[in-house]
Each structure stands twice: as structure tokens, then as C-alpha cells.
Amino acid sequence: MSLPPLRRPAPTRTGFECDRAFVAGQFAAGVAVLVAAIAVASALPRLPWRLVDPALILIGSHPVINALVKALTVTVFVTIHVIFLIWLERKFAGWMQARLGPMHVGWKGALQTIADAVKLLMKEDIIPTRADRVLFVVAPFLTFMPTLLTFMVLPFSETWVAYDFPLGILFVLAVTTNISLGTLAAGWGANNKYSLLGGARACAQVLSYEIPMAVAMLAVVTLEGTMSLTEIVKNQQHGWNIIAHAPVMIPAFLIFMVCGLAELNRTPFDLPEAESELVSGFHTEYSGMRFAFFYLGEFAANFFTAGLAVTLFFGGWMGPWLPAPIWFGIKTIAVVALFMWIKWTVPRLRVDQMMGFCWKLLVPASVVVFCATALWVMVAQP
Amino acid sequence: MTAMQPAVGASTSSDMTINLGPQHPSTHGVLRLMVALDGEYVKSCRPVIGYLHRGLERMMAARPYRQSVPFTDRLDYCASLNSNLAISQAIERIGGMAVPERAQYLRVMLCEMNRIASHLIFFGTYAADIGATTAFLYAFRERERLLDLLEAYTGARLTYNWIRPGGVASDMPEGYAQAVCAFLDGFLKELDAYDTLLTKNPIFRVRTEGVGIISPEKAIAHGASGPVLRGSGVNIDLRRTEPYDAYPRMQFDVPVRTEGDCLARYLVRVEEMRQSARIIRQCLREMPEGEHWGKQPKVFRPAAGEAYSRTESPRGELSIYLVSDGTANPVRVRVRGPSFVHLSMLHELVRGVKVADMIAILGSLDTVLGEVDR
């Protein structure tokens with residue numbers, strides 16, 4: 001006795017050619033996503049400023065109002081661009097993993113993040129009974145606030161910068177260090193063993209990788225002779241740092257990128273929230289809006305780190321034909337995509353390997369790059 | 001020491017006892033590990049099992065022999081067909097049933113298909129344990145195609161109940177051989193892509209190389225089998241050393257690696273997938289015409305006695321022991337599962353390693369809780 005022929009034709013279902021069409025479709029969708037990304041990222045900073053400019057003229061340049069308007073603009077941008085970034089990340093992951101990602105809410109799932117945010121807002125606010133209430137409540141804001149502050153000095157163009165701080169890089173370094181305070185507070189305050197391990201890992205990781213990152217950034221400062229982020233971009237008028245000073249700037253950029261991945265807790269440095277070991281690490285106990293704040297901070301830091309890389313190495317807003325902020329958006333999204341590409345490809349390091357990699361390789365390498373840059377400035381720039 | 005206390009040596013105030021599971025992303029089922037940690041280091045680990053205990057052995061002993069096949073589906077649910085084969089063989093031995101040649105080939109083909117599906121689960125979840133989420137989805141994509149094929153034949157995707165005492169439940173559908181071959185062609189290409197994605201990845205290498213080393217002596221002393229044993233350099237594969245069904249006529253290599261670490265066990269399993277593909281092709285090519293089902297007695301009352309069948313499941317030696325007293329029901333059914341044996345090695349392997357290594361070691365043993373708890 002033999003079974004009747006296959007009713008559902010197995011050969012087509014097992015055919016791998018359908019996969020190629022699928023990948024092609026995904027690729028097209030990916031390109032569309034990138035284009036949309038660029039458009040949105042460049043339009044978003046533009047919108048508020050148009051509204052703000054006449055207001056500023058009307059009110060005059062009253063310092064308090066001026067500062068408030070700028071702060072509000074930055075906050076709104078940070079909050080809104082994260083909605084888009086999360087969608088982009090999910091689409092990107094889907095593309096890499098041969099699946100679709102969010103598809104149902106809005107065009108290609110574009111409004112999914114908003115739906116998720118609404119869901120998080122409506123969730124019950126849970127604070128574990130035995131948690132340290134103060135630390136537990138404060139921690140999400142402690143992680144989010146430094147990231148928000150860094151956006152104050154990020155130049156989207158020559159004029160589109162909330163505060164053109166002459167010591168911009170120092171400000172960035174000083175402020176981002178405080179993120180580890182928040183993760184440690186979350187890890188400790190939740191009174192959960194997984195959180196504690198995650199918090200300890202996060203703190204050790206962020207503090208360690210800050211050093212080579214800072215040294216790599218100081219190499220750029222040595223080259224440019226200024227700490228102002230706008231000045232650094234303006235100095236790249238005749239060629240991006242990474243091209244004009246390739247022998248020293250390419251290693252510096254690589255160090256910056258690796259440290260950036262570690263600072264952002266992204267694979268291969270996602271040890272603080274290693275799912276297979278620590279459930280979610282330091283934010284295991286968080287839910288609802290507090291969890292959303294961690295997420296918000298994480299993605300905003302993602303954009304900021306990419307933007308900083310663009311500012312330091314890729315000529316910031318510089319570019320032909322298109323307006324400056326659009327160029328900044330294109331470049332930054334490209335670097336963000338690079339972060340995502342790495343994240344969804346590689347496995348995770350072990351904690352001792354992570355620390356050894358930083359202290360035994362990156363720190364000496366960054367010092368070498370720093371010294372080499374100093375020599376480069378002396379020799380190549382009379 | 002009661003079960004609730006972790007087996008800690010000299011406990012200090014810096015020790016932290018943590019419960020991994022029974023609901024935890026990396027325990028792959030309802031396993032609970034009571035781990036005493038000193039910072040990132042594992043001081044001791046005590047697996048707590050039994051969350052999935054259903055008393056399968058007793059349930060099998062309480063009904064006629066041939067009704068026990070569906071229960072074996074729930075043993076190692078990643079490789080149900082291999083469990084079906086173990087019980088069927090035991091029943092055939094105790095009752096002296098013969099299996100037609102075509103059925104033997106069908107059985108081998110099904111078992112090897114299920115071995116690939118099972119190893120794909122290992123590949124995907126192990127990648128996820130190490131932190132690479134993308135490899136997981138690729139493995140499950142291929143497994144999905146394989147399950148579609150198995151569904152087209154057996155009608156089920158997980159609990160097949162298809163290999164039964166005396167043969168298999170039905171012959172292949174028409175056009176099945178071509179469908180399987182088409183799958184294998186694509187699958188082998190994808191398997192090479194997996195190597196590029198994961199096996200050659202330097203981070204994956206440093207995470208698995210030299211981690212969780214099991215010496216050949218230790219593996220033998222613990223009764224390890226399957227890829228765990230062969231990863232430690234012991235060349236024992238029951239398909240080769242005690243071949244059953246159509247395996248004596250099959251040509252395949254038994255991958256063996258001498259390192260004994262997590263990477264060795266991983267590589268053995270990946271290579272086994274290639275060999276399984278080879279065996280499936282041979283089966284399809286050489287399968288004789290004939291019956292898929294041997295002659296069976298209406299009432300099955302084997303003479304008093306006992307039978308023991310040993311099979312090579314994807315996880316190692318899966319053996320079933322039957323005792324008959326001449327009635328329609330067995331007196332005793334005993335399952336010797338590889339996962340249970342391998343899990344018993346865990347506490348020795350993880351002492352003194354880091355948390356991340358413990359997850360890597362647990363994943364490399366590839367235990368299935370359905371068979372541990374029974």
C-alpha cells in the first residue's frame with residue numbers, strides 16, 4: 001500500500017529558489033527603508049527649527065526661553081527618532097534573518113513601535129516589593145538623561161546645533177560616563193540576582209571601554225586642535241578625516257567603533273543583558289514605561305554614537321548637492337546600519353574575554369594610535 | 001542534604017545562589033539549575049529535574065505492547081522517530097517479529113531525517129546560547145522545510161508515531177523521493193553557509209574551544225554516548241558497532257573528534273548532518289520494492305522473557321528494556337536515555353567555570369528534558 005501523491009506539492013515548498021525571490025524582495029524593502037530612513041531623519045530636525053526660528057525672533061533672544069525651546073526641540077527629536085530607529089532595527093533584523101519583521105501596523109509595520117509604546121504606557125507600573133524604590137525609580141532616567149544631554153552638542157549642520165560647546169568632546173565624555181551609574185542603580189535597586197550580575201557587568205564594561213574610546217577621540221582632537229564638534233567638522237572641508245589622514249584615522253575609527261559597540265551593549269558586547277545567561281540583565285525587573293526609558297536611552301545612544309563617528313571621521317554634515325542635515329542623516333543611518341549588521345551576525349563574548357580584549361588590546365592600541373597621530377601632526381602638517 | 005539545598009562546599013558570604021530555570025531562556029525546557037555563584041564563577045551546580053515527569057515507563061507497562069509507541073514520541077520530542085524505532089525494535093525482539101526489507105530502509109531514512117531535524121535544533125539553540133540569534137533562525141528555516149517533508153509523509157510534525165512494531169505505518173507518498181532529494185541538495189548548500197556564519201566565526205571559536213573538556217575516560221565512566229562520546233575521541237556509534245535495520249548496508253563515516261570540548265561536540269553534530277544526508281540518499285537509491293509492514297499476530301502475547309534494544313538516537317544511545325510474563329502487557333518497561341546520562345555529568349563539568357561557559361557546556365550536551373524526566 002502506498003500513500004496517494006503529495007497533495008501539497010512538497011518540491012515547491014522545499015525549493016530554495018523561492019528563497020531568492022524572498023531575499024530580493026527583502027533587499028528592495030531594505031533599500032526602501034533606508035531611503036525612508038534618510039528622509040525622516042533629515043526632515044525631523046528640520047521641522048521644529050522652522051517653527052522655532054520666527055518664535056526666537058519674536059521673543060528676542062531671551063536666554064531662558066531660548067534654552068527652553070532648544071531643550072524641548074532636542075527632547076522631541078530624540079523621542080521621535082527612536083520610534084523610527086526601533087522599527088528600522090526590527091526590519092533590519094528581519095531582513096538578515098530571512099523573515100519579514102513587523103508587517104501589520106501601518107505601512108510595512110511602520111507604526112508598530114508607536115503601538116508598542118502605547119502598550120507600554122498602559123501597562124501596570126510594577127515595583128518589586130523588596131526593591132530599593134528610590135534607585136529603582138531613578139535608574140531609567142539616570143541612563144536616559146546623559147544620552148539626551150549629549151544630543152545638545154551634536155551638530156546636524158553648522159547652525160543646527162543646540163549648543164555649540166567649545167569643549168564639546170570633553171562634555172560628551174563627561175556626560176556619557178554617567179550612563180553606567182544608571183545601569184548600576186538599576187542592577188542594584190531591583191534586588192534581583194540576574195539584575196545585579198547584569199549591572200555589575202554593564203558597569204565594568206562601560207567604564208573599561210570608555211578609556212580606549214576617549215583616547216581614540218583625543219587622537220581626533222590632536223589632529224584638529226579643537227574640542228568643538230562643529231569646528232572638527234569645519235576642519236574636514238578639504239577631505240574627511242578618515243580619508244585625508246587615513247593611516248592614523250582608520251585605526252582610530254575601528255577602535256571607536258568597537259568601543260561604541262561595547263558602550264551601547266550591543267553584540268558581541270551584550271553581556272549586561274545576555275539573554276541566554278541573565279534573562280535581561282539589569283532591566284530584568286523593569287516593565288512598562290520604565291522599561292521603555294531604558295530602550296529609549298539605548299537607541300538614542302545608538303544614534304548619537306553613530307552621529308559622533310560621522311562627526312569625527314566622516315566629515316559630519318559635509319556633502320555635495322543635498323542640504324547639510326540630510327547628509328548628516330544619511331551618514332549616521334549608514335553607521336547605525338553597520339552597528340545593526342554587526343549585532344545580528346556575531347555571537348557574544350565571555351566576560352573575561354571582553355575585559356581582556358579591552359585592557360590587553362584596545363587600550364594599548366589606542367595609545368599607539370594617539371602617539372602616532374601626534375607624530376603624524378608633527379610630520380605631515382608643517 | 002535535601003534537594004532544596006545547593007551542593008555548596010564552604011559557603012562564604014560572597015556566594016550567591018541563583019536558580020536558572022525552570023523558566024529560563026537557556027535551559028531548553030523545564031530544567032532547573034541551582035547554581036552557587038562567586039561573582040561570575042560557578043562554585044557548584046545542581047540540576048533539579050522532574051518538572052516534566054509523566055511516568056511514561058509505568059504508563060507503557062500498563063497497556064498492550066503495541067500501544068506504547070505513541071508514548072515514546074514524548075520521550076525525546078526532538079527526535080520522535082528515533083524513539084519510535086527503539087520501542088518498536090524492543091517489541092519485535094520480544095515477540096520475534098520480522099521487519100520487511102523495504103520497511104528497514106524506510107525506517108533508516110526517517111530516522112536520519114529526524115536526526116537532521118534534531119541536530120538543526122541543536123545548532124540553532126546552541127548559537128542562541130552563545131549569543132548569535134541569526135543562526136537560530138536559519139537553522140529553523142531548514143528544519144521547517146524538513147518538517148514539511150515529514151508532515152507530507154507521516155501527517156505529523158513533532159510526534160510522528162510512524163515507526164511501529166513490524167514496520168512503518170505506511171509506504172512513502174508518490175514523488176516523495178524527489179522531494180527529499182530536492183531538499184537535501186539545498187540543505188547541504190545551506191549547511192556550508194552555516195559554517196561561514198557560525199563555525200568559522202572567531203568569537204564562536206573562542207567561546208567554545210577548550211570549554212567543558214570531557215576526557216575519553218570520563219566520558220566512558222559516565223556512560224556518555226552519541227556525539228558527546230565521539231566528541232571526546234571514542235569511536236562508538238551503534239549504527240556502526242551494533243548495526244540494526246538497514247544500517248549494515250549503509251556507507252557513512254562516523255565523525256570523531258579528540259578535543260572533547262564544546263566545539264568538538266558541535267562539529268561532530270554538524271558533520272553528522274552531512275552523513276545523515278548521505279545515508280538518506282543511499283536509502284532512496286537502494287530501497288527495494290516490497291511490503292512496508294510485516295505479518296503481525298492479532299493478539300500479541302510474547303512468551304515470558306526479556307528483550308533489550310539499543311539504538312543510536314541523535315543524542316546518543318537510546319535503549320529500551322522490556323520484560324514479559326506472557327500476558328498482553330509488559331511487566332516492566334525501562335528507558336535508558338542519553339540526555340539523562342549526559343545531564344548527570346553537568347555538575348562536574350561546570351565547577352569553577354564562568355556563567356557564560358556553563359550555558360555553553362549545557363547547550364553542548366544537547367539534553368532534551370522530555371527524555372530526562374520521562
Side-chain angles (χ1 to χ4, degrees), chain A residues 1-20 22 92-99 192-194 196-198 200-201 204 266-271 273-280 284 341-357, chain B residues 16-20 24-26 37 39-40 125 127-138 141 145-146 148-149 151-153 170-176 178-180 182-187 189-190 197-198 201-204 206-207 211 291-293 354-360 363:
Chain A
M1 184 194 84
S2 167
L3 288 182
L6 299 174
R7 237 180 307 160
R8 204 172 51 186
T12 50
R13 288 210 66 189
T14 54
F16 284 75
E17 63 281 353
C18 60
D19 224 45
R20 272 177 222 124
F22 178 72
F92 197 93
W95 179 32
M96 285 198 63
Q97 297 178 338
R99 55 189 179 86
N192 175 312
K193 290 163 183 173
Y194 293 117
L196 182 60
L197 277 174
R201 280 183 180 187
R266 291 173 85 81
T267 346
F269 302 105
D270 63 337
L271 296 95
E273 46 203 83
E275 198 205 342
S276 58
E277 298 156 29
L278 303 182
V279 191
S280 309
T284 303
W341 186 11
I342 297 170
K343 169 168 180 172
W344 295 106
T345 307
V346 295
R348 181 190 315 122
L349 282 166
R350 203 171 55 213
V351 66
D352 56 322
Q353 291 162 348
M354 178 269 285
M355 294 300 269
F357 184 63
Chain B
M16 182 163 76
T17 307
I18 203 166
N19 271 306
L20 273 105
H24 185 276
S26 69
L37 293 180
E40 284 276 344
T125 52
D129 284 346
I130 303 287
T133 32
T134 298
F136 174 82
L137 280 128
Y138 282 106
R141 180 187 61 184
R145 287 170 177 150
L146 192 49
D148 283 347
L149 278 175
E151 189 187 6
Y153 183 6
S170 162
D171 209 331
M172 289 192 291
E174 280 172 38
Y176 195 64
Q178 291 88 320
V180 174
F183 165 77
L184 289 178
D185 288 339
F187 169 69
K189 268 183 228 148
E190 295 295 323
L197 178 64
L198 196 64
N201 188 303
I203 297 177
F204 180 74
V206 296
R207 280 296 309 279
V211 173
E291 283 294 310
H292 66 273
W293 192 250
K354 298 202 174 55
V355 181
D357 280 346
M358 182 177 71
I359 304 295

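Every chain is numbered from 1 and lettered A, B, ... according to where its sequence line falls, protein lines coming before strand lines.
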B:Tyr138 portion near chain A, given a 4.5 angstrom heavy-atom threshold: side chain

Toward chain B, the part of A:Val346 with a non-hydrogen atom under 4.5 Å: both

Electrostatic pair B:Glu40:A:Arg350 at N-O distance under 4.0 angstrom: no

Pairwise side-chain contact, A:Leu196 with B:Met16, heavy-atom cut-off 4.5 Å (strictly under): yes

For the student: nearest non-hydrogen atoms of A:Tyr194 and B:Leu20, plus distance: OH-CA, 3.5 Å

Partners meeting ring-ring contact (aromatic ring centres under 6.0 Å, His included) with B:Phe136 (sequence neighbours left out): B:Phe140

Side chain to side chain, B:Thr134 and A:Thr345, heavy atoms closer than 4.5 Å: no

Nearest heavy atoms of A:Arg348 and B:Asp129, plus distance in Å: NH1-O, 3.8 Å

A:Pro347 vs B:Leu198 side-chain heavy atoms within contact, under 4.5 Å: yes

Separation of B:Leu197 CG from A:Met96 CE (nearest 0.5 Å): 8.0 Å

